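Computation of the quantities below employed the complete heavy-atom set of this structure, encompassing side-chain atoms and omitting hydrogens, waters and symmetry-equivalent molecules. On a predicted model such as this, the values are computed, not experimentally measured, just so you know. Naming convention: chains lettered A, B, ... in sequence-line order (proteins, then strands); numbering from 1 in each chain.
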Protein chains: 2
Amino acid sequence: MEKRATIKDVAEAAGVGVATVSRVLSGGSASPRTREHVLAVAAQLDYRPSALGRNLRQRRTGGMGLLVPDLTDTFYGQLAEGVLACARSTGEPVVVGSTGDDPEQESELIGMLLEQSVDRLIAVPTGDAETWAPAVRAGMTVVFADRLPARPAEEEQQDAVDDLMRLDGLIPAARPRPPEVPSVLADDRAGIRTAVRYLRGLGHRRIAFLGGPGHDRRVAAFREAVGAPVDEELVVFATGSRDSAYAAASGLFQSRPDLTAVVAGGNVLGEAAVLAARELDLRVPRDVSLVMYDDVPWAELCSPPLTVIAQPGRDMGYRAAELVLRPGGRRPRTVVLPTELIIRGSCGPRR
Amino acid sequence: MEKRATIKDVAEAAGVGVATVSRVLSGGSASPRTREHVLAVAAQLDYRPSALGRNLRQRRTGGMGLLVPDLTDTFYGQLAEGVLACARSTGEPVVVGSTGDDPEQESELIGMLLEQSVDRLIAVPTGDAETWAPAVRAGMTVVFADRLPARPAEEEQQDAVDDLMRLDGLIPAARPRPPEVPSVLADDRAGIRTAVRYLRGLGHRRIAFLGGPGHDRRVAAFREAVGAPVDEELVVFATGSRDSAYAAASGLFQSRPDLTAVVAGGNVLGEAAVLAARELDLRVPRDVSLVMYDDVPWAELCSPPLTVIAQPGRDMGYRAAELVLRPGGRRPRTVVLPTELIIRGSCGPRR
DNA sequence: GTGAAAGCGCTAACAC
DNA sequence: GTGTTAGCGCTTTCAC
């Protein structure tokens with residue numbers, strides 16, 4: 001463990017001032033002659049600038065933070081890979097935290113990042129606006145991915161009103177809601193709509209939705225696609241854990257044996273649905289059709305292979321990282337990536 | 001974006017010196033009276049010590065680095081969750097990098113961590129000893145997880161000799177090889193041995209091994225368990241990618257239609273084997289039996305459900321993090337965690 | 001028990 | 001173009 005050369009060492013060895021070394025290394029102005037000389041000396045001394053000094057001086061850590069609910073969920077694994085790929089190309093460090101879909105843990109992790117002066121953060125948010133206030137107040141550049149924080153009740157109500165009006169054709173499209181924070185989302189509305197239409201086309205009428213944390217936009221889209229009145233018993237929620245997902249799926253199948261199709265809001269929920277169906281001797285797709293959000297490698301391994309709503313997890317991560325690295329123009333940008341219904345074998349005609 | 005209070009602000013507001021504030025906050029000696037006062041003032045100012053100053057002063061970043069091959073591989077997702085869980089309990093940041101099983105990328109990521117002065121690192125290594133020399137030389141505390149770096153050829157030869165002697169009962173057990181670096185591994189030898197014995201018990205004689213990067217210990221165990229002479233055509237390797245895994249599996253099935261069982265060295269390879277078998281109209285387990293390393297949630301969803309060698313990914317990560325946080329006594333510790341053969345439905349008697 | 005002061009390695013004013 | 005210098009926020013001697 002030999003101690004590293006500092007900028008001062010390089011300056012002395014090269015017979016120049018530290019500022020010159022700093023300039024040369026960060027591409028500032030310097031005569032070609034000195035530049036070359038300094039570079040040579042630095043290389044010879046195996047000098048690597050320390051991020052420590054730079055960070056303190058600039059009062060900010062380079063790189064970015066990344067907060068996801070659970071890295072054993074393949075979709076978040078894909079998302080994380082996208083972020084890491086982008087960060088790798090710029091040599092930036094990424095501090096990763098797993099929230100377990102718990103706002104409290106999320107809050108603590110935000111605090112940790114603040115303490116580290118990480119001022120760029122990509123997050124799949126779990127808490128609401130209040131949870132995120134400290135980060136925003138501290139001036140962090142935040143980009144949300146995959147979903148948005150839950151919003152206050154009054155806003156939700158306004159949305160509901162909007163949705164109704166939209167149904168009635170009173171307003172053409174979603175009212176623009178000024179996003180405080182840029183985000184990268186999948187086109188949940190289109191994805192869910194396509195899936196529900198597909199199921200209806202197969203004759204299904206009692207379609208259930210199996211949701212998890214952060215799936216509010218997906219449920220909303222589901223309600224809209226199914227059309228009022230929605231059978232509320234067919235919309236059930238689980239918390240983030242696999243156990244909870246299984247319990248929710250199993251409970252749903254048992255309480256409503258009359259349902260003929262289910263849309264799982266995420267791959268963990270889809271997994272649970274397959275498991276629960278098998279346990280209850282329900283055949284897919286003979287007894288129940290299944291569409292799962294997220295295309296994951298194992299969807300094809302199931303039997304029958306699962307029909308899925310694919311969303312580009314890796315791309316979402318990559319785009320989010322790009323966005324957080326150079327915060328686009330004046331107002332925050334929201335990127336919506338397309339989804340695709342991939343029809344495999346888990347849906348059949350209503351019996 | 002209000003700027004944060006510094007230790008100096010607290011000191012002034014409390015009418016004490018900065019040293020006192022520092023002491024109080026890091027549990028040093030101070031009179032109960034001052035302690036309480038300082039704490040109150042700090043709380044009132046919403047003071048959060050900046051890691052930047054501390055890091056520079058101590059010439060090291062807190063927290064740790066984590067290098068894995070691929071976060072979309074569920075096993076590494078589990079491992080990462082374990083590491084993050086441990087780090088969360090201590091409030092430490094974790095800088096994560098994904099190597100893609102590429103020594104060059106690994107090398108660059110090590111460089112990045114060095115530049116950040118991250119001096120604790122947990123890694124699923126991809127490169128060899130040479131790749132890891134810089135980290136060790138710089139005095140990093142490294143803990144390897146899941147596997148060890150490839151070692152120089154002469155050592156491998158010595159191992160081969162040892163293995164032969166062991167087979168002949170000339171020496172009782174593995175010769176102790178002084179590990180330079182502590183590590184957390186699964187008991188690959190026992191896992192593979194159990195699986196092979198199980199397959200042999202079912203009557204299988206032509207058993208193949210489908211390996212990936214870093215599976216050398218597993219192959220070695222496979223060779224040992226199968227016993228000489230090993231049919232070399234039945235031992236094939238893929239690189240880290242899913243495509244390569246599929247190609248290897250497919251090639252294996254086609255070139256050796258006489259094989260009756262295959263052991264996949266990891267879950268990505270198992271996935272590929274299932275896919276390739278299906279494509280070639282091979283029925284599992286009727287035509288070919290399959291055992292996969294790694295228990296992942298979707299193993300149960302396959303049909304038939306996959307028989308697996310389970311290793312505790314999350315625990316491995318957690319233990320590795322513990323190890324890297326307090327580097328145990330004098331000599332480096334190696335922790336070996338047990339594996340378990342979980343028999344489901346992908347193995348049947350030889351036809 | 002407490003305060004003053006010296007840096008940790010770097011960047012950015014500012015002077016030359 | 002280049003050198004000098006003043007910190008960034010913190011911990012840690014060293015006096016008192």
Side-chain angles (χ1 to χ4, degrees), chain A residues 1-39 41-42 45-63 91 93 114-119 138-139, chain B residues 1-39 41-42 45-63 91 93 114-119 138-139:
Chain A
M1 177 174 178
E2 58 215 48
K3 67 177 184 301
R4 271 160 54 178
T6 75
I7 198 176
K8 210 176 148 195
D9 298 329
V10 178
E12 280 173 8
V16 300
V18 288
T20 301
V21 179
S22 177
R23 274 185 218 108
V24 167
L25 267 64
S26 45
S29 68
S31 80
R33 184 151 162 36
T34 16
R35 143 164 276 103
E36 201 173 343
H37 181 55
V38 168
L39 251 26
V41 172
L45 256 52
D46 194 30
Y47 170 68
R48 309 224 25 184
S50 160
L52 258 30
R54 185 185 338 133
N55 291 348
L56 176 54
R57 172 64 222 226
Q58 300 179 161
R59 294 131 129 226
R60 48 180 291 276
T61 309
L114 247 24
E115 180 167 332
Q116 300 292 326
S117 299
V118 172
D119 64 349
Chain B
M1 178 174 175
E2 60 215 44
K3 66 175 187 296
R4 271 161 54 178
T6 74
I7 198 174
K8 208 175 152 197
D9 299 328
V10 178
E12 280 172 9
V16 299
V18 290
T20 303
V21 178
S22 176
R23 274 184 217 110
V24 167
L25 267 65
S26 45
S29 68
S31 79
R33 184 150 161 38
T34 9
R35 143 164 275 105
E36 202 171 342
H37 183 216
V38 168
L39 251 25
V41 171
L45 257 50
D46 194 31
Y47 170 67
R48 307 220 30 179
S50 159
L52 258 30
R54 187 186 334 131
N55 290 348
L56 176 55
R57 172 65 221 227
Q58 297 176 163
R59 293 131 130 226
R60 48 179 294 274
T61 308
L114 247 24
E115 180 166 332
Q116 300 293 325
S117 300
V118 172
D119 64 348

Visitor: Check salt bridge (Lys or Arg N to Asp or Glu O under 4.0 Å) between A/Arg48 and all other residues, then give those that pass, not counting sequence neighbours.
Guide: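 Partners of A/Arg48 under the salt bridge (Lys or Arg N to Asp or Glu O under 4.0 Å) test: B/Glu115.
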Visitor: Considering only heavy atoms from C-beta outward, does the side chain of B/Val38 approach that of B/Val16 to under 4.5 Å?
Guide: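 They are in contact (side-chain heavy atoms under 4.5 Å apart), so the answer is yes.
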Visitor: Write out all pairs satisfying salt bridge (Lys or Arg N to Asp or Glu O under 4.0 Å) with one or both partners inside residues 19-38 of chain B, taking only residues at least two apart or from two chains.
Guide: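 Those involving residues 19-38 of chain B do not exist here.
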Visitor: Starting from the first five and the last five pairs of the helix from C/dG1-D/dC16 to C/dC16-D/dG1, work out the angle between the resulting helix axes, to 10 degrees.
Guide: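 Answer rounded to 10°: the end axes differ by 40°.
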Visitor: List the atom of B/Ala11, the atom of B/Val21, and the distance in Å for their closest heavy-atom pair.
Guide: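 Looking at all heavy atoms of both residues, the closest pair is CA-CG2, 3.7 Å.
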Visitor: Taking only side-chain N and O atoms of A/Thr34, does any of them lie within less than 4.0 angstrom of OP1 or OP2 on D/dT2?
Guide: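 For D/dT2, OP1/OP2 do have a side-chain N/O of A/Thr34 under 4.0 Å.
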Visitor: Of all residues at least two apart in sequence or in a different chain, which pass the side-chain hydrogen bond (donor to acceptor under 3.5 Å, both in side chains) check with A/Ser117?
Guide: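 Expected list: none.
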Visitor: Can you tell me how far CG of B/Leu52 sits from CZ of B/Arg57, rounded to the nearest 0.5 angstrom?
Guide: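 The distance works out to 15.5 Å.
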Visitor: Closer than 3.5 angstrom, by distance alone: can the side chain of B/Arg4 be matched with the main-chain N or O of A/Leu114 as a donor-acceptor pair?
Guide: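 Looks like yes, one N/O pair under 3.5 Å.
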Visitor: Taking side-chain hydrogen bond (donor to acceptor under 3.5 Å, both in side chains) as the test, write out the residues that go with A/Asp119, two or more places apart.
Guide: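 Counting only residues at least two positions away or on another chain, A/Asp119 forms a side-chain hydrogen bond (donor to acceptor under 3.5 Å, both in side chains) with A/Arg60.
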Visitor: Could you tell me the boundaries of the chain B footprint on DNA chain C, defined by atoms under 4.0 Å from its heavy atoms?
Guide: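 So the contact region on DNA chain C extends C/dG1 to C/dG9.
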Visitor: Could you run through nucleotides 6-11 of chain D and give me one letter per nucleotide, 5' to 3': B if any protein heavy atom sits under 4.0 Å from the base, S if only the sugar-phosphate is that close, - if neither?
Guide: BBBBBB
Visitor: Which donor-acceptor pairs under 3.5 Å do side chains of residues 24-32 of chain A form with protein atoms, sequence neighbours excluded?
Guide:
residue : atom : partner : partner atom : Å
A/Ser26 : OG   : A/Ser22 : O            : 2.6
A/Ser31 : OG   : A/Thr34 : N            : 3.2
A/Ser31 : OG   : A/Thr34 : OG1          : 2.4

Visitor: Once rounded to the nearest 0.5 Å, what's the spacing between atom CG of A/Asn55 and atom CG of B/Asn55?
Guide: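 These two atoms lie 8.5 Å from each other.
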